[in-house]
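Heads up: the structure comes next, in structure tokens.
Excluded from the calculations below are hydrogen atoms, water molecules and symmetry mates; all remaining heavy atoms, backbone and side chain alike, are included.
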Amino acid sequence: MTRRITLAAGGVAAALGAAALLSIWTPTSVPAIAAPPTAPLMEVSAKEAAPPAERHLGKGVMAYPLAATGGDMQKVAAYWTPERLKEASTYVPASKPATGARQAPSMAELSRQSTTTTSARALAPSQQPMVGKVFFKLGDKEYWCSGSVVHSKNRNLVATAGHCGWSLGQNKPVENWVFIPSYAGGSTDAGIYVGHTLYLHEDFSGAGDYDRDYAFVTVYRGFTWKGDQRVQGGRLEDKVGAFQFASTKGRSRPVSVFGYPAGAHPDGSRPFDGQVVRSCSGTTRATAATAPTYLLENGVLLNPCPFTAGASGGPWVLGWDPAKKTGFLNGVTSLTWNIDADGKLDAASSPYFNTITARVYQQAAKQATA
């Protein structure tokens, strides 16, 4: 059942002090680039084709096809030439269009809190091979977010933010969705994986509720570019491993957060280039306030974490072990915050992974793909 949300008149601005700006970024247009000749990638039988335009799976879980058939998958694979991947831009989340609400990021309010500052660390791609970039097309432009592999019996599942798979402004899934694990400096050696089906909670796709800003996407077997030819690859999790899924673990936990930030801070500075994985770590807490434009009430905050646009969808991991390359996915980056109102983003938030999140994950984990 869809959750009903009531917000008090005046929102949080009347109750709290310092304003915290979410990052705002205006993408530039991307020129169309002709795709090179392609070799056949793989055959997909009719029985393995995707479901209808959308499916209601019960208890609020929704499934939307991204590349429903083998033919659709071939078109998406052909679209993402190396040149287009290089031209993609960071993506900033928008709120649900409504009377009196803006589609650009809103003013979010948090109480001022004294914290020590830190810088996000750059990590070698081999340290977390299951972390990567999500690429997609929206309108006439190409964008990227962050994402990661989460374990499923079919070894084909990616976790990211809901706004990295569903356009609230257009009220439909994004186009040409792919995932590239172990991305570093343009490398696609670990493969490019075309999205098959997008799984969301209806509170996000229907109402724009950022307490449900998470998505799970099943993907086809991967491919790589060798010159102007596509070379077939294997299953995603077999190639790079995966995080285990975890939910209902509480809001005060030590986490490691990974992603590909590259957007500007509110003051215009750009400390990240989006070419390597960055990390933040610390102990989470419940967000100190709500963000009415985003219907946000129950988020989890990590402060400090100076991520900017591009980090959306990156994993929040409990018990990350860099030697064994294991950990438990317990969140995804949703929004970034300027708590101190100093022109620099200094915190990130994730939806709280609860039993509702687990239902979406469990439905996605059931689906096999070619």
Between [X] and [Y], does any side-chain donor sit less than 3.5 Å from a side-chain acceptor?
{"X": "Ser350", "Y": "Tyr214", "value": "no"}
{"X": "Thr326", "Y": "Gln244", "value": "no"}
{"X": "Lys75", "Y": "Asn176", "value": "no"}
{"X": "His163", "Y": "Ser312", "value": "yes"}
{"X": "Ser349", "Y": "Trp337", "value": "yes"}
{"X": "Thr333", "Y": "Trp316", "value": "yes"}
{"X": "Ser269", "Y": "Asp267", "value": "yes"}
{"X": "Lys141", "Y": "Ser89", "value": "no"}
{"X": "Tyr199", "Y": "Gln367", "value": "yes"}
{"X": "Gln74", "Y": "Arg230", "value": "yes"}
{"X": "Asn156", "Y": "Thr369", "value": "yes"}

Search all heavy atoms of [X] against all heavy atoms of [Y] and return the closest pair with its distance.
{"X": "Thr308", "Y": "Phe272", "result": "OG1-CD1, 3.7 Å"}
{"X": "Phe328", "Y": "Ala246", "result": "CB-CB, 3.8 Å"}
{"X": "Thr287", "Y": "Leu301", "result": "CG2-CB, 3.9 Å"}
{"X": "Ala262", "Y": "Thr90", "result": "CB-CG2, 3.6 Å"}
{"X": "Asp209", "Y": "Phe204", "result": "O-CD1, 3.5 Å"}
{"X": "Ala190", "Y": "Val240", "result": "CB-CG1, 4.0 Å"}

Is there a side-chain contact between [X] and [Y] in this structure, where contact means two heavy atoms from C-beta onward sitting under 4.5 Å apart?
{"X": "Leu138", "Y": "Gln170", "answer": "yes"}
{"X": "Asn171", "Y": "Lys96", "answer": "yes"}
{"X": "Met62", "Y": "Glu54", "answer": "yes"}
{"X": "Asp211", "Y": "Leu296", "answer": "yes"}
{"X": "Pro261", "Y": "Arg278", "answer": "yes"}
{"X": "Tyr64", "Y": "Trp166", "answer": "yes"}
{"X": "Pro93", "Y": "Leu335", "answer": "yes"}
{"X": "Ser146", "Y": "Cys164", "answer": "no"}

Q. Which is it for Asp340 and Asp346 under the side-chain contact (heavy atoms from CB on, under 4.5 Å) test, yes or no, and what are the steps along the way?
A. CA-CA 8 Å; Asp340 292 332; Asp346 46 29; 3.6 Å; yes

Q. Checking side chain to side chain contact (heavy atoms under 4.5 Å, CB included) against Lys249, which of Val255, Asn330, Asn354 comes through?
A. Asn330

Q) Pick from Val158, Ile192, Val134: which one makes a side chain to side chain contact (heavy atoms under 4.5 Å, CB included) with Val178? A) Ile192

So how far is it from [X] [atom1] to [Y] [atom2], rounded to the nearest 0.5 Å?
{"X": "Glu202", "Y": "His56", "atom1": "CD", "atom2": "NE2", "answer": "7.5 Å"}
{"X": "Trp320", "Y": "Lys325", "atom1": "CH2", "atom2": "NZ", "answer": "6.5 Å"}
{"X": "His265", "Y": "Asn338", "atom1": "NE2", "atom2": "CG", "answer": "9.0 Å"}
{"X": "Thr81", "Y": "Glu83", "atom1": "OG1", "atom2": "CD", "answer": "4.5 Å"}
{"X": "Leu302", "Y": "Ser256", "atom1": "CG", "atom2": "OG", "answer": "9.5 Å"}
{"X": "Lys172", "Y": "Ser205", "atom1": "NZ", "atom2": "OG", "answer": "15.0 Å"}

Look at the side chain of [X] and the backbone N and O of [Y], then say whether any donor-acceptor pair between them is shorter than 3.5 Å.
{"X": "Asp213", "Y": "Gly162", "result": "yes"}
{"X": "Thr218", "Y": "Thr197", "result": "yes"}
{"X": "Lys137", "Y": "Gly139", "result": "yes"}
{"X": "Lys133", "Y": "Gly274", "result": "yes"}
{"X": "Asp72", "Y": "Val76", "result": "no"}

(Q) Test of understanding: with salt bridge (charged side-chain N to carboxylate O under 4.0 Å, His left out), list the residues that count as partners of Lys239, not counting sequence neighbours. (A) none

Q: Could you tell me which residues satisfy salt bridge (charged side-chain N to carboxylate O under 4.0 Å, His left out) with Arg155, sequence neighbours excluded, listed by chain and number?
A: Glu237, Asp238

Does one hydrophobic cluster hold both [X] and [Y], with members joined at side-chain heavy-atom distances below 4.5 Å?
{"X": "Tyr260", "Y": "Leu329", "result": "yes"}
{"X": "Tyr352", "Y": "Val317", "result": "no"}
{"X": "Phe307", "Y": "Val131", "result": "no"}
{"X": "Val150", "Y": "Val300", "result": "no"}
{"X": "Val257", "Y": "Tyr183", "result": "no"}

(Q) Between the side chains of Glu142 and Arg84, is the shortest nitrogen-to-carboxylate-oxygen separation below 4.0 Å, so that they form an ion pair? (A) yes

[X] vs [Y] aromatic rings, parallel, tilted or perpendicular, using cut-offs 30° and 60°?
{"X": "Tyr210", "Y": "Tyr294", "answer": "perpendicular"}
{"X": "Phe136", "Y": "Tyr143", "answer": "tilted"}
{"X": "Phe135", "Y": "Trp144", "answer": "tilted"}

Q) For the residue pair Phe179 and Tyr193, is the inter-centroid distance of their aromatic rings smaller than 6.0 Å? A) no

Q: Output, in order, the C-alpha distance, side-chain angles, deciding distance and verdict of side-chain contact (heavy atoms from CB on, under 4.5 Å) for Asn298 and Arg251.
A: CA-CA 10 Å; Asn298 298 302; Arg251 290 181 171 82; 3.7 Å; yes

Q: Dump the intermediate steps for side-chain contact (heavy atoms from CB on, under 4.5 Å) on Phe216 and Phe245, then the final yes or no.
A: CA-CA 11 Å; Phe216 300 95; Phe245 178 81; 3.8 Å; yes

Q: Give the intermediate values and the outcome of side-chain contact (heavy atoms from CB on, under 4.5 Å) for residues Phe353 and Leu318.
A: CA-CA 12 Å; Phe353 274 24; Leu318 303 179; over 6 Å; no

